[in-house]
Each structure stands twice: as structure tokens, then as C-alpha cells.
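Position 1 is the first residue of the sequence, and the numbers go up from there. Values below: all heavy atoms of this structure, side chains included; hydrogens, waters and symmetry mates excluded. Note that the structure is predicted; figures quoted are calculated from it, not measured. First listed ligand is number 1; within each ligand, the first listed atom is number 1.
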Amino acid sequence: MLLPESASTYAPRVDQLFWIILGITGFFFFLVQACLLLFILKYRDRPGQKASYVHGSTLVEIVWTVIPALILVGLTIASQKVWAEIRYPSLAPATSLQVEILAEQFAWNVRYPGPDGQFETPDDISTINQLHLPVGTPVKIHLRSKDVIHSFFVPEFRMKQDAVPGLPQQIWVEASKAGQFEIRCAELCGLGHYRMKGFVTTEPLAEFQAWLTETKANE
Ligand SMILES: [Cu+2]
């Protein structure tokens with residue numbers, strides 16, 4: 001498997017873009033290598049054959065500028081919709097479920113607002129390195145950092161976002177299957193960077209709510 005399994009609603013569309021780009025770049029990679037090999041053989045030094053000096057060709061230069069430019073414009077158009085849906089909070093699906101994640105050296109502090117839906121109230125539920133999410137419900141994540149730049153990365157969600165001190169971020173995800181995945185810090189953030197690892201558990205809504213209740217009771 002070239003890609004990790006996909007566990008969010010937008011992951012398949014991110015993968016689709018990945019395959020399209022890999023296809024285009026892969027095609028040109030092999031084309032260029034084949035031309036290189038061909039020309040090495042065809043124009044190699046042989047007795048009686050004299051090299052000619054070519055100053056340049058306007059036509060060739062236009063062709064190798066216009067074709068990549070058209071490909072880039074095409075890719076921009078193809079990816080714009082997916083990008084906007086993932087990155088612009090105003091286009092994210094409406095949801096009542098919010099989670100706050102505060103990154104610090106070297107842990108992920110997770111907080112749920114509890115029944116009142118408000119953060120910083122006594123019914124908040126907090127965990128360290130344990131994020132639970134219900135399957136099939138969009139979740140808004142408020143991401144912050146306490147100290148240095150970290151990066152919240154869940155490969156199976158195809159979600160990666162820097163957590164920058166003083167710059168709160170809103171990201172969202174809807175888990176598409178139940179399972180347990182790793183949260184990795186994708187930004188070198190200090191000596192303990194290697195152990196800055198959390199887990200996200202995606203489960204049916206009822207189990208998620210039971211977990212919240214149980215976590216609150218054990219606080
Ligand atoms: Cu980190």
C-alpha cells in the first residue's frame with residue numbers, strides 16, 4: 001500500500017488529486033528519462049560525426065513553458081474545490097461538536113466543552129494524547145500551541161495543520177470509519193519531538209458519548 005488507509009470523508013478526494021499528480025509527473029519523468037537515454041545513444045561521439053552548435057529555439061522554449069503552465073492551471077482548478085472545503089471554516093459542515101487541542105512540548109492536550117457546549121466551564125472534559133471522535137459527525141477542532149510550533153498530523157484523515165503560538169486555527173474532520181490512529185507531531189519542536197504522539201479513536205456516536213461520560217467520571 002502506497003498510502004495509509006483513509007478514515008475521513010475528504011480523504012478519498014485528497015487521494016484522487018495525489019494519484020492525478022503522480023500520474024502526470026510520473027509520465028513526464030519516464031518520458032524525459034527515455035529521451036535522455038535515446039539522445040545519449042543517438043548523438044554519442046562517433047568517428048566522422050561533428051557536433052553542431054545550436055543557439056536556442058524560441059518555438060521549443062514556448063512549448064516547454066506553455067505546457068507546464070497549462071498543467072499547473074489545470075491542477076489548480078482541479079484541487080481548488082477540495083482545498084476550499086477542507087480549509088475554509090465557513091464552508092465546513094455545520095456541527096455542534098467542538099474539540100480544543102492545545103499542543104505543547106511534548107503532548108496533545110485535548111478538551112471537550114461538555115454538555116453546556118462552552119469551553120472553560122466546570123463540565124469540560126480533558127484528556128492528554130487521547131482524542132475520541134464519533135464516526136459520521138463533523139467535528140470542529142480548535143487548534144492552538146502553548147510554546148513552539150507543532151504540527152497536528154493524522155495521516156489517515158489526510159489532515160495536517162501547524163499549531164502556531166498566538167495563532168489559533170480552526171480545522172474540521174468527519175471520521176468515515178471506526179478505528180485507532182496515531183496523531184503525530186509533524187514539526188520538529190524540540191528534544192522530545194519523537195515522543196510527541198497521541199491517539200485518535202473513532203467510534204460510533206453512542207460509544208463516543210459513553211467514553212465522554214466515563215472520562216468525566218474518572219477525572
Ligand atoms: Cu511537537
Here the vertex angle at the Cu ion (ligand 1) for SG of Cys185 and SG of Cys189, given to 10°, is 120°

So does Ser151 have any N/O/S atom less than 2.8 Å away from the Cu ion (ligand 1)? no

Can you label the angle between the His132 ring and the Trp211 ring as parallel, tilted or perpendicular, going by 30° and 60°? parallel

Please identify which of these residues, Lys146, Lys140, Arg144, meets the salt bridge (charged side-chain N to carboxylate O under 4.0 Å, His left out) condition with Glu100. Arg144

Just give me the atom name: the N, O or S atom of His150 closest to the Cu ion (ligand 1). ND1

Modelled atom types, side-chain donor and acceptor of Asn218 and Thr215, under 3.5 Å: no

Trp108 ring center near Phe199 ring center (under 6.0 Å): no

